[in-house]
Structure formats: C-alpha cells, structure tokens
Amino acid sequence: MTETPVLRVANITKTYHLGSTLIDKLSRDPNKHSSLRALDGVDLRLNKGEILALVGESGSGKSTLAKILVGSSTATSGELDYHGNPMPTHRSKDASRRIQMVFQDPYSSLNPRISVGSMLKELLLLHKIVPRGEVKKESIRLLNLVGLEEDALDAYPSQFSGGQRQRIAIARALAVRPDILIADEPVSALDVSVQATILELFAQLQRDLGLSILFVAHNLAVVQHLSQRVAVMYLGRIVEVADTAELFSNPRHPYTRALIDSIPRMAAGSVNDEFVLEGDPPSPFNVPSGCRFNPRCPYATDACREIDPALATVAPGHESACIRADELNELAAAGTKNN
Amino acid sequence: MATPLLSVSSLTIGIRRKGQPDTVIVDSLSFDIQKGERFGIVGESGSGKSLTLRAIADLLPKGVEVLSGSIRYDGAELIGMPAAQRRKLMGPEIAMIFQEPMTALNPVVRVGEQIAEGPRRYLGLSKQAAAELAIEMMAKTGIPDPARRARAYPHELSGGLRQRIMIAMALSCGPKLLLCDEPTTALDVTVQHQVLRVLEELCADSGASLAFVTHDLAVVNQTCTDLAVMYAGHIVESGRVAEVFSDPRHPYTKGLLDSAPDFDQPDRELVSIPGFPPNLAARPSGCPFAPRCQFAVEACTTAMPPTDEVAPGHFAACFESARIFEGAAA
C-alpha cells in the first residue's frame with residue numbers, strides 16, 4: 001500500500017469560463033459570467049501495473065481528467081505527480097512520452113493519409129527510440145505485440161476493420177515505450193465480438209509489459225471483467241474507489257448502487273429494479289449545494305444538503321464520499337421491505 | 001394463430017448495379033411480429049438489421065432498394081403501395097424512433113410543436129388540442145415540467161430528455177407498431193434504464209408492438225419477448241428470448257453470447273469470434289458464417305443451410321446444429 005503510485009492527482013480542478021465576448025463582459029447578467037467546473041477537486045492514484053477503471057455518466061468529467069493526465073489539457077489547479085515527482089505544466093518531450101493515450105473512435109484517431117509504417121517510423125525517430133536502421137524491425141515488433149502482421153506496415157487505416165484500427169492505435173501508443181496508458185472508452189465503438197479481443201489485448205499488455213492502465217469506460221460489465229480497481233466519478237468528483245470485486249459486491253455510495261442496478265443483465269430473472277435513479281445528472285454550471293448527488297439520492301437527509309462530503313476510507317482500500325456510507329446496506333434493505 | 005401485425009417474407013434488400021449482379025445486403029429475410037409482441041433484432045454492424053427496419057418504414061438510403069419480397073402490415077402489402085398511401089401509415093400506424101435524437105429532431109422548431117405536428121396532420125386535431133396532447137405525451141414519458149419543456153428547443157435538452165421527446169413524438173398518434181433503431185445506444189446506463197422502462201410501460205399500456213434493433217444482447221434480454229439474430233443479411237436464429245439465450249442453437253449466437261461480458265458472471269472468460277464478417281459484394285457460397293465457424297464441415301461451404309425448427313417456436317439455420325448442441329447437452 002505504501003508503494004509510490006506511478007501517477008497521483010490531488011485536488012485537481014478544471015474550470016472553463018464562458019461568455020468571453022466583450023458584450024458578455026459588459027453585461028450585468030450574472031449568468032453571462034458563469035463558469036463550468038468540469039473537475040472539482042479530483043483525488044486519484046494509479047498504482048504500478050494495475051488497470052484502474054474510471055466510470056461515470058457523460059459530463060462527469062472522465063474525459064477531461066484523461067486529457068489532463070496525458071497533458072493535452074492543463075488543470076486549473078491541483079497537483080499531478082508522476083512517480084512521486086511533480087509533473088511540470090509544460091511537459092518535455094521525454095515527460096510526455098511516458099503517458100500515452102488510446103482514443104475512443106479508431107475511425108477518426110488515425111490519419112487516413114499516412115500508412116501504418118510511416119506513422120510508427122515518425123514516432124520512433126522523433127523520440128529516438130531506436131536508431132534509423134532498426135526502425136523497421138521495431139515497427140514489426142510493435143505490430144506483432146498487438147496481434148498484427150508485418151504486411152500491415154504498407155497499408156493505410158482505411159484498409160482495416162474497426163478492431164484492427166484500434167490495435168494500430170494501441171501500437172502507436174506503445175511505440176514510444178510509455179509506462180502509463182490512458183484508454184478513453186477504447187472498445188465502445190467496436191462490435192461485441194471484437195470487443196473481447198481488444199479487452200484481452202489490454203490484459204495481456206498489462207501482464208507482459210507491466211503497463212499501468214487507466215481505463216475510462218461507461219460499460220460496467222466490461223469494467224468488471226478487466227480492471228483490478230474502479231473509481232466512480234460523478235459531476236467532476238470521484239465519489240467512490242475500491243477493488244473491483246469489493247465495489248460491485250459492496251457499493252458504499254448510493255450513486256454506485258444506482259449504476260450497478262441500471263446495468264442491463266444477460267440472465268433471465270436477474271433484473272434488478274429496486275434502485276432506479278430519477279432525473280438527469282445536474283448541470284456542472286450549477287452544482288447543488290451539499291453533497292452533489294443529493295437531488296437524485298433517495299437517502300438524502302438535511303445534512304446531505306449542507307455537508308459536501310470528502311472521500312473517506314470506509315474499509316481497507318475502499319473510499320466513499322457519502323456521509324451515510326455506513327448505513328447504506330440497512331437503508332437499502334429497509335427500502336425493499338417497504339416496497 | 002391470428003394474422004400477424006407485420007409479416008416480412010423473403011425480403012431482399014440491395015443495390016442495383018448496371019451490367020453486374022446486384023449487391024445483396026439483406027438476403028430473403030422472413031419474420032412475423034404478432035400484435036403486442038416485442039421483437040428484438042440483434043446483430044453486428046453491417047448485418048443488415050437497421051436496413052431491414054428502414055425498409056419497413058420506407059426510409060432506405062438513396063440507392064439501396066427492396067429487390068424482392070414482401071412486407072405485409074395488417075394484411076396490406078407495403079411493397080409497391082403508392083407513396084402517398086404508404087406515407088399515411090407512418091405515424092398513426094407505424095412510427096419510428098432513431099438512435100441519435102439530436103440529429104433526428106429539427107433543431108429550429110420547439111419540441112412541443114414537433115410532437116404536435118403528427119396529431120394535427122393525422123388525427124385532425126386543432127392547434128390548441130394538439131399542443132395539449134403534446135404536453136400530455138411528454139408527461140407520460142416522464143419528462144418533468146412538460147408544459148415548460150414543450151417550449152424548449154432540442155439543444156436545450158439532455159440526451160435522455162431528447163430521446164423521451166422522440167418517444168412522445170412516435171407515440172403521439174397511437175401507432176400499433178413502433179420501430180426502434182438502437183434507441184438507447186447514445187445514452188448513459190442510468191438514463192438507458194429509465195428510457196427502456198418508459199418504452200416498455202407505454203407499449204404495454206397502448207398494446208403497441210415493438211421492433212427493436214440493437215447490438216446489445218443484455219438490452220434485448222430486458223426489453224424483448226422474441227428475437228432474431230442476424231448475420232450478413234440472414235436470420236441465423238430466432239425464437240423466444242429466454243430460450244435462445246439459455247439454449248442457443250446456432251454457432252454464431254453462441255459466439256455472440258460468449259463474447260459479451262455478463263455482469264452476473266464476472267469470472268467467465270470472454271471468447272471472441274475469430275475472423276471478420278464477409279464482404280457483401282463477394283458473398284461466399286453456402287453459410288455466410290462458415291469461414292468463421294469452428295464447427296464448419298464440407299457441406300457448409302457449398303449450400304445455404306435451411307431454417308429448421310429445432311424446438312417449438314425456435315428456429316436455427318445450421319446444418320450441424322443437432323450435432324453441436326444436442327451432442328454437447330448429452
């Protein structure tokens with residue numbers, strides 16, 4: 001537990017300001033001066049060699065966090081440590097090489113006019129990974145690593161299927177020898193029968209290369225299969241973190257419960273309707289006071305409308321941001337009885 | 001058995017090409033949807049599931065057409081029906097819900113007016129009465145504060161609300177058949193759960209039948225009573241959902257079920273289907289799944305397997321079904 005995490009963020013915030021036109025600035029309408037807090041104090045650690053899943057609804061800030069981690073966006077405030085040392089705001093070439101990203105849609109993340117070989121060559125030479133003479137050998141090694149053959153080198157992205165393109169995107173991310181991979185919904189654009197092979201590839205890369213992977217996803221069934229730990233995000237903040245099995249069997253935040261109960265099930269009769277979340281996620285322009293989940297939470301009390309709970313340890317390795325975390329199981333049991 | 005509400009038989013959809021054989025995308029498809037039935041069509045991208053739905057709604061993309069076959073709605077043949085007459089069915093009889101509510105709604109018309117358009121045109125309601133009906137429909141789909149939301153434009157609403165607007169619009173004229181093309185794919189799990197419930201309740205209330213296209217097996221399990229599994233333009237298996245899921249009789253269905261993560265069985269290993277779907281322009285002879293099928297024998301590559309009734313109401317198109325699945329069970 002005391003091992004330094006490969007990546008640690010503390011109290012990260014990201015604010016987007018709107019209404020920057022002159023007229024808006026002159027306007028007295030306070031709504032014109034509103035700002036959007038996409039991330040509102042995120043604490044998260046990624047341990048060496050683990051797959052950590054980040055789940056949450058759209059607009060919860062998952063992708064914003066992923067962008068900040070790879071350095072394509074900067075945080076408004078907060079700390080970002082890499083192996084215990086602060087990551088500079090403007091990363092050097094070497095620092096940015098360490099954390100690589102795989103995007104959701106392999107149809108738009110690959111340049112259609114560059115062949116796979118030249119795409120890899122460009123990266124290998126720019127980052128001086130191998131001498132010029134060994135570029136081809138290294139490219140082939142990368143392709144084999146993701147399950148493609150040498151003949152892919154001369155081909156263009158349009159010649160590949162979605163699953164193969166995602167493999168190429170992963171090879172591209174691996175070319176610069178990162179130790180952290182950030183994958184933003186890497187299988188949600190793929191067909192079910194292909195998803196399984198890409199998930200297996202991530203598991204294999206974690207095993208063989210010791211990669212630490214942050215896996216952003218919204219499909220909880222996928223997350224349960226792949227990751228060792230899960231962090232649940234709601235409206236710009238992490239509300240629960242735990243080991244995968246623990247989180248799904250013993251959720252300690254009502255939002256996590258709601259997520260689990262909304263998963264469509266495969267087995268007949270395994271329909272779990274006891275906990276249906278009403279309403280839409282509130283707007284990040286207007287975060288509710290107190291606990292940000294209270295307007296949708298069936299167990300909210302007056303205290304929940306006043307206290308903004310921080311992540312607190314509820315069991316070893318299990319953190320939850322709910323003041324009623326300890327009572328949740330009893331509350332749920334009582335709720336079903338009343339129905 | 002009573003006349004089915006919708007009867008599709010030997011429907012072939014494709015692209016006509018001059019001087020060359022037509023490219024067939026959906027190949028002699030047949031299925032029936034009974035009154036009140038919730039029918040799921042499952043398949044991967046390119047299997048022809050969406051085109052089948054669009055053919056029923058007469059919304060095929062330009063260049064793609066119905067080459068042969070018949071679609072009968074309540075006994076009336078839709079193929080070859082004059083366009084004006086067919087259009088009159090869309091709305092009061094058949095309605096469609098699309099995948100992406102942002103692109104399917106008109107961005108410059110208030111949502112209340114968009115819902116009211118159908119009832120004014122088809123039910124002959126006055127402007128006032130139609131506006132009231134629109135608000136009533138919005139309330140039925142669980143939209144909070146419907147009177148105020150009716151004056152909103154689509155971009156002012158969240159994805160879940162927009163999809164509810166689509167459902168309200170589709171149900172506003174009281175259709176007997178609702179066509180849904182991946183209606184919840186663009187939504188979050190919690191919202192998907194809400195929208196599926198609304199859809200189910202409203203269909204149960206009005207007795208409407210559902211044709212539900214999706215790639216998500218778990219969604220079919222929770223929404224539909226019957227299903228057809230499509231592969232490369234063919235229905236490879238069909239039957240009651242519970243029966244097909246627990247006792248699949250086609251290797252492709254089995255493969256799909258094995259490759260999808262199941263929340264209730266986290267430790268089951270995911271097995272993917274090797275290979276790729278066939279190129280439709282150069283369709284292999286025989287069973288389209290044969291090149292990817294681990295059980296394929298000589299006969300599979302030469303002739304198209306017939307659709308057999310493997311159990312009452314459960315059909316599969318596989319030569320080796322009995323050997324693969326009954327052998328395994330014994």
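Source: prediction; values computed, not measured. In the text below, chain A, chain B and the rest are named by the order of the sequence lines, each starting its count at 1.
Phe212(B) has its side chain within reach of Pro183(B): a pair of non-hydrogen atoms, C-beta onward, lies under 4.5 Å apart.
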query: Can Ser188(A) and Gln104(A) be said to form a side chain to side chain donor-acceptor pair (under 3.5 Å), step by step?
result: CA-CA 7 Å; Ser188(A) 56; Gln104(A) 174 172 10; 3.0 Å; yes

- prompt: So Arg257(A) and Tyr299(A), side chain to side chain donor-acceptor pair (under 3.5 Å) or not? Walk me through it.
  reply: CA-CA 12 Å; Arg257(A) 269 200 120 81; Tyr299(A) 309 130; 5.1 Å; no

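Residues that satisfy the ring-ring contact (aromatic ring centres under 6.0 Å, His included) test with Phe248(A), not counting sequence neighbours, are Phe263(B). In terms of the side-chain contact (heavy atoms from CB on, under 4.5 Å) criterion, residue partners of Val42(B) (sequence neighbours excluded) are, by chain and number, Leu217(B), Val220(B), Leu227(B).
No part of Pro144(B) comes within reach of chain A, as not one of its non-hydrogen atoms sits under 4.5 angstrom from that chain. If you measure heavy-atom distances from Glu200(A) to chain B, you find no contacts under 4.5 Å at all. For a residue to count as touching a neighbouring chain, one of its non-hydrogen atoms must lie under 4.5 Å from one of that chain's; by this rule Gln265(B) touches chain A with the backbone only. Both the backbone and the side chain of Leu257(B) come within contact range of chain A, with heavy atoms under 4.5 Å apart. For Ser161(A), the part sitting under 4.5 Å from any heavy atom of chain B is the side chain, from C-beta outward, and nothing else. For Leu199(A), the part sitting under 4.5 Å from any heavy atom of chain B is the side chain, from C-beta outward, and nothing else.
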